[in-house]
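Here's the structure we're looking at; comments come further down.
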Amino acid sequence: MNLLVCERCGERADAVPVIPGPMVRCVECGHRWPFRRLPLYCVTGPSGTGKSTVAGLLTASLADRFVVLEQDVLWQAGLQDDSADHRLFRAAWLRMAAMIHQSGRPVVLCGTVVPPEFEPLPERALFSDIHYLALTCEPMVLRERLAARPAWRQWDEPRISEMLEYAAWIDRNAQEMQPPLTLVDTTDVPAIETAGAVRRWILALEGCPTRS
């Protein structure tokens, strides 16, 4: 199941040599084997915009066709990568999603990520496409949401200000990223409606009927 490890000779590759088919080719022995190259759906956005709540709602409404996962469950020892792009953490999630795709069900990954953090990675070759939708909200509302979080989450004023700057950066650059981000404003929208909008976005890209 690990697409970085040859199923015949057992050698491990740092990058995934994908060839038409789609197939993976071992750089050591030349062995080739087929794999499912499915699209990945990223529901992203700044902290406080509603990703976790939406993830819970999507899990129930998409369970028959997709696997919905939340990135933060792997943000722990060994993967708490402090580099600017969190490369180890991002690569681990792409490998995990690619393995799940071998079951035939696309992954919906909920958590803060932008195209420049996924698109340059070698593991990107394992996916036919990566689609990005970012939840946003008005700055004052975002500030209130973050300030109201429990103390253990450590949202002090400097950290809140940093997240507000990040949110503004996403708003400014969403359409210039490759691929661009689809934005969904959650300011005064009930979570169930936001989840419905995200669900329709996923199903439209997947070519599925949008049942209510």
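If you read the sequence from its start, that first residue is 1, and numbering goes on from there. Keep in mind the model is a prediction, meaning the values are calculated, not measured.
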> What about Trp155 and Tyr166, same hydrophobic cluster or not, with Ile/Leu/Val/Met/Phe/Trp/Tyr joined at side-chain heavy-atom distances under 4.5 Å?
Replying inline: yes
> Is it true that atom CE of Met177 has more than 12 heavy atoms of other residues, nucleotides or ligands lying nearer than 6.0 Å?
Replying inline: yes
> With a 3.5 Å cut-off and no angle check, do the side chains of Glu117 and His86 form a donor-acceptor pair?
Replying inline: no
>> Any heavy-atom pair between the side chains of Ser47 and Arg149 that's under 4.5 Å?
In response: yes
> If you look at every heavy atom in Val54 and Ala191, which pair is closest and at what distance?
Replying inline: CG2-O, 4.5 Å
> Less than 4.0 Å between a side-chain N and a carboxylate O, is that true for Glu157 and Arg143?
Replying inline: yes
> Any side-chain heavy-atom pair from Glu11 and Val5 closer than 4.5 angstrom?
Replying inline: no
> Ignoring hydrogens and geometry, is there a side-chain-to-backbone donor-acceptor pair from Arg105 to Ala63 under 3.5 Å?
Replying inline: yes
>> Please find the pair of heavy atoms, one from Ala134 and one from Leu181, that lie closest to each other, and give the distance.
In response: CB-CD1, 4.2 Å
>> Determine whether the aromatic ring centres of residues His101 and Phe127 are separated by less than 6.0 angstrom.
In response: yes
> Would you say the side chains of Glu70 and Ser52 form a donor-acceptor pair under 3.5 Å?
Replying inline: yes
> Can you check whether Thr187's main-chain N or O pairs, donor with acceptor, with Asp185's side chain at less than 3.5 Å?
Replying inline: yes
> How about Val18 and Arg37: do any of their side-chain heavy atoms sit closer than 4.5 Å?
Replying inline: yes
>> Other residues, nucleotides and ligands only: do more than 12 of their heavy atoms fall within 6.0 Å of CG on Asp156?
In response: yes
> Going by the angle between their ring planes, with limits at 30° and 60°, are Trp93 and Phe89 parallel, tilted or perpendicular?
Replying inline: perpendicular
> If you look at every heavy atom in Thr49 and Thr186, which pair is closest and at what distance?
Replying inline: O-OG1, 3.0 Å
> Leu69 pairs by side chain to side chain contact (heavy atoms under 4.5 Å, CB included) with which of Ile100, Leu74, Val108?
Replying inline: Ile100
> Is the shortest heavy-atom distance from the side chain of Leu58 to the side chain of Arg199 under 4.5 Å?
Replying inline: yes
> Heavy-atom count around Glu119 CD within 6.0 Å, excluding the residue itself: above 12?
Replying inline: yes
> What are the two closest heavy atoms between Leu3 and Ala98, and how far apart are they?
Replying inline: CD1-CB, 4.2 Å
> Looking at residues at least two apart in the chain, or sitting in another chain, which of them share a side chain to side chain contact (heavy atoms under 4.5 Å, CB included) with Glu206?
Replying inline: Pro39, Tyr41, Phe66, Pro106, Cys208
